[in-house]
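Reckoned from all heavy atoms, side chains included, excluding hydrogens, waters and symmetry mates.
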Amino acid sequence: MSQYQANLECLEDEDLQICSETQGLEIAQVCKDEEEKFLSSSPLVPGTLKEAPVAATPSTSEGLQHSCFSSSSSEEGASSQENEQISCTEQAAAVPGNVPLNALDEKVAFLVSFMLLKYQMKEPMRKADMLEIIMQEDEAHFPEILLQACERMEMVFGLDVKEVDPINHCYGVFIKLGLTYDGMQSDEESVPKTGLLILVLGVIFLKGNRASEEEVWKALNLTGMYSGEDHFLFGEPREIITKEFVKEKYVEYRPVANSDPPQYEFLWGPRAYAETSKMKVLEFLAKILGTDPCHFPFQYVEAVLEDVERALASISPRAASSSRSPGSYRAVGSSFSRT
């Protein structure tokens with residue numbers, strides 16, 4: 001029997017709650033494994049490099065592409081600053097800490113730290129710089145090291161690494177799933193919290209679009225995050241989830257009606273619905289587990305229906321706009337020309 005058939009049978013037996021709980025815990029465990037690899041391989045996080053200058057660089061892939069082209073054409077003038085950044089990264093990564101699992105994990109951790117630094121500085125990354133981080137003699141292993149570093153950036157920090165300039169081999173780091181929040185504060189040492197946000201949104205979705213406080217913490221506990229205790233990457237998780245995420249309108253945290261003693265639950269906030277979709281979150285969760293979104297049959301159907309509803313909603317305004325008179329279009333055009 002296939003995994004998909006097993007899941008359907010699970011639904012037919014009215015064990016949806018058990019299925020979604022198991023899937024949620026599996027996802028949390030994978031995220032924890034990736035975090036532990038990062039911790040065991042390198043003690044470096046961007047906060048230790050706050051003294052590095054921050055450049056005002058465009059955040060779009062086109063802007064990064066232009067910046068990368070400019071930096072490659074003026075290599076001699078900028079090389080000293082880049083070498084200082086690379087040297088700083090290597091020195092900080094050399095601080096005594098846990099012994100890495102192996103040399104490959106160490107190089108992956110170095111590269112992740114370098115990517116986080118470049119993301120914090122809003123600068124593109126060149127392949128030549130990344131090779132210098134992991135040493136030139138490992139160029140043959142560069143694709144494997146880059147792949148693992150990108151996976152760790154994705155699963156732990158919720159960031160996407162993309163090649164923005166294939167000619168000059170430049171890469172940019174972007175927030176995943178259409179979200180616009182990374183939780184980083186300019187006045188304090190921090191790392192992106194988008195990975196934690198996506199995990200919380202995923203647990204809420206798997207629990208039927210509303211998750212009890214107990215269910216959310218059960219999943220987060222498996223990743224090594226506990227209420228009231230500082231996490232080595234993200235800080236105190238309760239403060240982030242119940243205040244920061246709520247303030248940013250990504251999550252709603254509200255009391256359960258008629259509960260005695262009082263209980264609380266989590267739901268998606270309006271900003272989460274506006275910026276991402278259930279299908280995007282589901283695809284992310286499926287990727288973590290190395291499976292297909294159909295591995296979550298109930299949620300998959302719900303996500304497809306949401307996509308259909310959004311598509312239909314977007315058709316109505318277009319249909320209305322197409323029925324405008326030529327005079328209306330001229331009026332709109334003239335109004336834009338004056339702005």
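Interatomic distance, NZ of Lys287 versus CG of Asp292, reported as 13.5 Å (0.5 Å rounding). Of the inter-residue distances, the one linking Leu196 atom CG with Ile241 atom CD1 reads 5.0 Å to the nearest 0.5 angstrom. In this structure, NZ on Lys280 lies 5.5 Å from OG on Ser277, to the nearest 0.5 angstrom. Separating the OG1 atom in Thr276 from the CG atom in Leu179 is a distance of 5.0 Å, to the nearest 0.5 Å. Interatomic distance, Met125 CE to His169 NE2, rounded to the nearest 0.5 Å: 14.0 Å. Distance check: Leu177 CG to Met279 CE gives 13.0 Å after rounding to the nearest 0.5 Å.
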Between Cys170 and Lys127, does the side-chain contact (heavy atoms from CB on, under 4.5 Å) criterion hold? Intermediate values first, please.
CA-CA 6 Å; Cys170 279; Lys127 180 179 178 181; over 6 Å; no
Just do the side-chain contact (heavy atoms from CB on, under 4.5 Å) check on Leu159 and Met115 with the steps written out, would you?
CA-CA 10 Å; Leu159 299 175; Met115 288 175 171; over 6 Å; no
Between Phe157 and Thr194, is a side-chain contact (heavy atoms from CB on, under 4.5 Å) present by the stated rule, with each step listed?
CA-CA 6 Å; Phe157 301 107; Thr194 315; over 6 Å; no
Could you walk me through whether Asp105 and Gln148 pass the side-chain contact (heavy atoms from CB on, under 4.5 Å) check?
CA-CA 9 Å; Asp105 275 348; Gln148 290 193 29; 4.1 Å; yes
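No side-chain heavy atom of Ile145 sits under 4.5 Å from any side-chain heavy atom of Phe110. Residues Lys193 and Asp182 have side chains not in contact (no heavy-atom distance under 4.5 Å, counting atoms from C-beta outward). Side chains of Pro237 and Trp217 form a contact here, defined as non-hydrogen atoms less than 4.5 Å apart. Using a 4.5 Å cut-off on side-chain heavy atoms (C-beta onward), Lys162 and Tyr171 make no contact. Annotation: side chain of Phe245 is in contact with side chain of Leu197 (closest heavy-atom distance under 4.5 Å). When side chains are defined from C-beta on, Leu117 does not count as touching Ser113, because their heavy atoms never get closer than 4.5 Å. Side-chain contact between Ile175 and Thr180: absent, with no pair of heavy atoms (C-beta onward) separated by less than 4.5 Å.
Cluster annotation: Val301 and Leu282 are assigned to distinct hydrophobic clusters (Ile/Leu/Val/Met/Phe/Trp/Tyr, side-chain heavy-atom contacts under 4.5 Å, transitive). Ile315 and Leu305 are assigned to two separate hydrophobic clusters, defined by single-linkage of ILVMFWY side chains at heavy-atom distances under 4.5 Å. Grouping the Ile, Leu, Val, Met, Phe, Trp and Tyr side chains by contacts below 4.5 angstrom, directly or via other members, places Val203 apart from Leu267. Linking ILVMFWY residues whenever their side-chain heavy atoms come closer than 4.5 Å, directly or via other members, places Phe142 and Val112 in the same cluster. Transitive grouping of hydrophobic side chains (ILVMFWY, heavy atoms separated by less than 4.5 Å) brings Phe234 and Phe232 into a common cluster.
Taking both residues in full, the closest heavy atoms of Gly202 and Val281 are given as CA-CG1, 3.8 Å, listed atom of the first, atom of the second, then distance. Considering all non-hydrogen atoms of both residues, Pro166 and Glu163 come closest at CA-OE2, 3.5 Å. A pairwise comparison of heavy atoms in His231 and Thr223 identifies NE2-O, 4.1 Å as the closest pair. In this structure, Pro293 and Ala286 approach most closely via the heavy-atom pair N-CB, 3.6 Å. Between Val191 and Leu233, the shortest heavy-atom contact is CG2-O, 3.2 Å.
Sorted by first and then second residue, the salt bridge (Lys or Arg N to Asp or Glu O under 4.0 Å) pairs involving residues 226-240 (not counting sequence neighbours) are Glu213-Arg238, Glu239-Lys243. The list of salt bridge (Lys or Arg N to Asp or Glu O under 4.0 Å) pairs with a residue in residues 295-306, not counting sequence neighbours, reads Lys278-Glu302, Glu306-Arg310. For the salt bridge (Lys or Arg N to Asp or Glu O under 4.0 Å) condition, the pairs that include at least one residue of residues 261-273, sequence neighbours left out, are Arg210-Glu265, Glu248-Arg271, Arg254-Glu265, Arg271-Glu275.
Considering only residues two or more places apart in sequence or on other chains, Phe266 meets the ring pair (Phe, Tyr, Trp, His ring centres under 6.0 Å) condition with Tyr253. Considering only residues two or more places apart in sequence or on other chains, Ala272 meets the side-chain contact (heavy atoms from CB on, under 4.5 Å) condition with Leu201, Tyr250, Trp268. Take Pro270 and apply the side-chain contact (heavy atoms from CB on, under 4.5 Å) test, not counting sequence neighbours, and it matches Lys249, Glu252. In terms of the ring pair (Phe, Tyr, Trp, His ring centres under 6.0 Å) criterion, Tyr119 has no residue partners (sequence neighbours excluded). Remark: Tyr181 engages Glu244 in a side-chain hydrogen bond (donor to acceptor under 3.5 Å, both in side chains) (not counting sequence neighbours). In terms of the side-chain contact (heavy atoms from CB on, under 4.5 Å) criterion, residue partners of Lys176 (sequence neighbours excluded) are, by chain and number, Glu154, Asp160, Ile198, Phe284.
Its side chain outside the 4.5 Å cluster rule for every partner, Leu147 clusters with none of the Ile, Leu, Val, Met, Phe, Trp and Tyr residues.
No donor-acceptor distance shorter than 3.5 angstrom exists from the side chain of Glu123 to the backbone of Lys118, with no hydrogens or angles considered.
More than 12 heavy atoms of other residues, nucleotides or ligands lie within 6.0 Å of OH in Tyr273, so this atom counts as buried by the packing criterion.
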